[in-house]
Structure formats: C-alpha cells, structure tokens
Amino acid sequence: MRVASTKQVAVLGECMLELVGPAFGALQQGFGGDTLNTAVYLARCAADPGQNEAEAAAPYTVHYATGLGEDGLSRGLMERWAAEGLALDLVRQIPGRMPGLYMIEVDARGERSFNYWRDTSAAKAYFESERTPLEDQAADWDLFYLSGISLAILPAAGRERVFALMEALRARGAMVVFDNNYRPRLWASRAEAQAVFRRALDLASVGLITADDHQALFELPSLAEAVAAAQDLAPRELLIKRGAESTLVRAPAAGAPDWQAAATERVERVVDTTAAGDSFAGGYLSQRLRGRPALESARFGNRLAARVIQHRGALIEPALMADLLQPQS
C-alpha cells in the first residue's frame, strides 16, 4: 500500500548483466545500466537520518520499469534491486527473453574494451504489449526519468508510447526528466538520434545535459560551442554538466539569475568515472523531490558524483556515501 504523502518516481531503462575480466580468463559477474544506477542512488538518498523512520514516511519511492525474463539471472537481478530499495511493480517478465549482456575486457595496461549482446534483450520488448504497468499507473507518477539509452534500445512504436507518456505527465504537472546519454553504436544513424533527442527534450520539463555527449551528438567543433548550444534547449529547468568544471543551472525562480554555477568537488584521485553522471542525477533529483532549490540540489549531486568517482564500480558500497546523507549543519 502506498503512503499518500510519499512521492512516486518511475525510472525507465535497461539493466544488463556484466562480465569483467580477460578473454578466456576468470570473469567476475555483475550488472549495470545508466538508469538503474540513477534509480539506486536516488533510492539510497531517500533515507533521512534526521527523521524517525518509524514515524515518518519516506519522501519518495523509486519504481524501476524494464523488461526481464523468467530465468534465474533475471530473478537474481530483481532480488538485488529490491535489496537496494527499488519497487519492482513496473518490471515486465517476458517469457522467452533474457537480460542483455556486456563484457568488459581489461588488458595488461588496465585499459577497458566493451562487447555487447543485447539485440534480443527483454528490455527492448517492454512495450511489445497493449499496455504496460508503467502506462497503467501513469496517474501515480510525480517524476518520470529516462535517458537517451532508454529511447535508443526501443523500436519506433515503443518510443512513440514513451513520448505520449511524457506529454501526458508534463501536462498534469509531473516532473519529466530527460538525461542526454548518447551512445552512437545504439543508433541507426546520427540523424535519427538527433531527431529523437530533440523530441524528448521538447517534452521534458527537466533536462540533464552532459556537454561532451551533446557535442558528439550534434558534431559541434568544441566543448565551449556545445555548452553554448545546450543553453538554448527547451526544458525550463536545465543543467549542463561540464566534467570537472562547475555545473550550469537554469531553473526560473523569482529573483534568480538566468544561469547559476554549482561548483564541483575537488578530488585527490579519480578511480572510475563510470557512473559520474548517473549518480549526479540521483543526487540532484533526490533534493528536488524534497522541494530544495535547483542550485542547492546540483551542489549535492556534485558531492555525490565526486564520492562515486573515487571508487571502482558504478554502484559503490552504501557505507561509502552514508556521511553525505547526514543532515547538513
């Protein structure tokens, strides 16, 4: 039973099985996916150490929408997601399908290369049904989050249904958040990706833009030109992430300038940037769902991302970020 005061968040995407190690050597199993990473960090940030959890409802619940199979690996993924606090009522278990798979090969110098097996993944078939739980429960969502990868893996008919959902949710005042993760190999052409991204950004109320992805997608000559071009994008609430440089924030509010800068956190050593943007999104949205200003929320997102990139793996141990969730003095 859902608590009326708890906001409901739906995250759409794909999580894949992960194998890490040398070819024909010992492999370590795991899982990963951009939106899954964001969903997990968002769920972790729902904890509020300043409140008595027995008396106070969580500020929001995170539901992950994706396709899985009926196999043991799919069940194992769901068990792990549930342990992270994700609600699984939007997962479709599709007979005859399985999760996608990718392998990270690590050479003698520590360089990584990726191989993917995802053409028949269950997530791609999520909308191969007249209705989905995501659409059936559309009236519940206070926030809907998706990425460029969420759209890239879907056939055209599935994308149209996502666009219809985005339009309906925004019309009734829900936050519709689009993150511009761009992976060229997932698209038939750059022109197709550009058209899909433009449409998604026109429908979104919040845009999370990684400047170098924007530069690559639209073939802009420099990062500075990508940042300048991104500032003209449609969402009223817009954030432009520039790596170690400050994050640019536009969120119209009385007395606030058009653009503000949220400083990033300086770190001694960067270990793994895999989920920097994903964790930023989770941290940022966790604060916006609490009603905090966009600039303050971006600063928290940067603090969380800085912590994540100092450790290996997309999902760091919860204990490594626990201090960030303590009430700020």
Side-chain angles (χ1 to χ4, degrees), residues 9-20 27-45 62-69 71 73-88 90-94 97-104 112 114-127 132 134 144-154 158-159 162 177-187 193 200 208 210 213 272-283 285 304-305 308-309 311-316 318:
V9 177
V11 177
L12 172 66
E14 178 187 34
C15 179
M16 303 176 70
L17 300 169
E18 176 187 85
L19 298 176
V20 183
L27 298 174
Q28 180 179 352
Q29 297 180 58
F31 59 90
D34 65 332
T35 56
L36 187 279
N37 298 335
T38 293
V40 167
Y41 283 115
L42 186 51
R44 289 181 183 180
C45 290
V62 183
H63 306 251
Y64 193 57
T66 193
L68 289 176
D71 55 286
L73 290 167
S74 293
R75 290 192 296 273
L77 287 175
M78 293 179 68
E79 289 170 2
R80 285 156 178 78
W81 300 348
E84 286 284 1
L86 299 183
L88 305 180
L90 303 188
V91 175
R92 284 192 63 218
Q93 290 187 268
I94 304 169
R97 295 274 190 159
M98 291 186 67
L101 170 71
Y102 67 97
M103 178 178 172
I104 304 175
R112 302 185 304 167
F114 293 78
N115 297 291
Y116 292 87
W117 296 265
R118 75 194 316 170
D119 287 349
T120 60
S121 77
K124 296 180 67 133
Y126 187 79
F127 289 94
T132 65
L134 176 65
F144 176 48
Y145 174 90
L146 73 160
S147 75
I149 296 175
S150 307
L151 294 172
I153 67 168
L154 294 175
R159 288 177 196 156
V162 174
V177 186
F178 180 68
D179 197 319
N180 77 325
N181 288 352
Y182 172 56
R183 302 296 179 267
R185 71 171 69 192
L186 296 180
W187 295 94
L208 302 180
T210 299
D213 277 6
D272 187 349
T273 63
T274 301
D278 308 335
S279 56
F280 172 88
L285 295 174
L304 178 56
V308 168
I309 65 175
H311 303 279
R312 192 162 300 285
L315 296 175
I316 65 174

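In this structure, CG in L17 is found 9.5 Å from CZ in F31, a value given to the nearest 0.5 Å. Between T66 atom OG1 and L12 atom CG the span is 7.5 Å, to the nearest 0.5 Å. Taking CD1 from I149 and CG from L154, the interatomic distance works out to 12.0 Å, rounded to the nearest 0.5 Å. Distance check: T35 OG1 to L42 CG gives 11.5 Å after rounding to the nearest 0.5 Å. Residue L86 holds its CG atom at 9.0 Å from OH of Y64, rounded to the nearest 0.5 Å. Atom-to-atom distance recorded for I309:CD1 and L304:CG is 10.5 Å, nearest 0.5 angstrom.
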Let me see the working for I316 and Y41 under side chain to side chain contact (heavy atoms under 4.5 Å, CB included), right down to the final yes or no.
-> CA-CA 9 Å; I316 65 174; Y41 283 115; 3.7 Å; yes
Full working for salt bridge (charged side-chain N to carboxylate O under 4.0 Å, His left out) between R183 and D213 = CA-CA 8 Å; R183 302 296 179 267; D213 277 6; 3.5 Å; yes
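Listed by chain and number, the residues in a side chain to side chain contact (heavy atoms under 4.5 Å, CB included) with M16 are E14, Y102, Y116, R118 (sequence neighbours excluded). In this structure T38 satisfies the side chain to side chain contact (heavy atoms under 4.5 Å, CB included) test together with Y145, D278, A281, sequence neighbours excluded. Contacts of T132 classified as side chain to side chain contact (heavy atoms under 4.5 Å, CB included), with partners at least two apart in sequence or in another chain: R92, Y126, F127, L134, E135, R161.
Counting heavy atoms from C-beta outward, L68 and W81 have side chains that approach closer than 4.5 Å. Looking only at side-chain heavy atoms (C-beta outward), P99 and D71 come within less than 4.5 Å of each other. Considering only heavy atoms from C-beta on, V177 comes within 4.5 Å of L285 through its side chain.
The shortest heavy-atom contact between G148 and F178 is N-CE1, 3.5 Å. The two residues S147 and D34 come nearest to each other via the heavy atoms OG-OD2, 2.6 Å. Here the closest heavy-atom approach between residue C45 and residue G283 is recorded as SG-CA, 4.5 Å. When all heavy atoms of A275 and N37 are compared, the closest pair comes out as CB-ND2, 4.1 Å. The two atoms that bring S121 and R97 nearest to each other are O-NH1, 3.4 Å, heavy atoms only. What you find for A82 and L88 is that their closest heavy atoms are CB-CD1, 4.0 Å.
Remark: side-chain polar atoms of R44 are not paired, donor with acceptor, to backbone N or O of E84 under 3.5 angstrom. Although no hydrogens or angles enter the test, the distance criterion places a donor-acceptor pair under 3.5 Å between the side chain of R80 and the main chain of G76. Although no hydrogens or angles enter the test, the distance criterion places a donor-acceptor pair under 3.5 Å between the side chain of Q93 and the main chain of G69.
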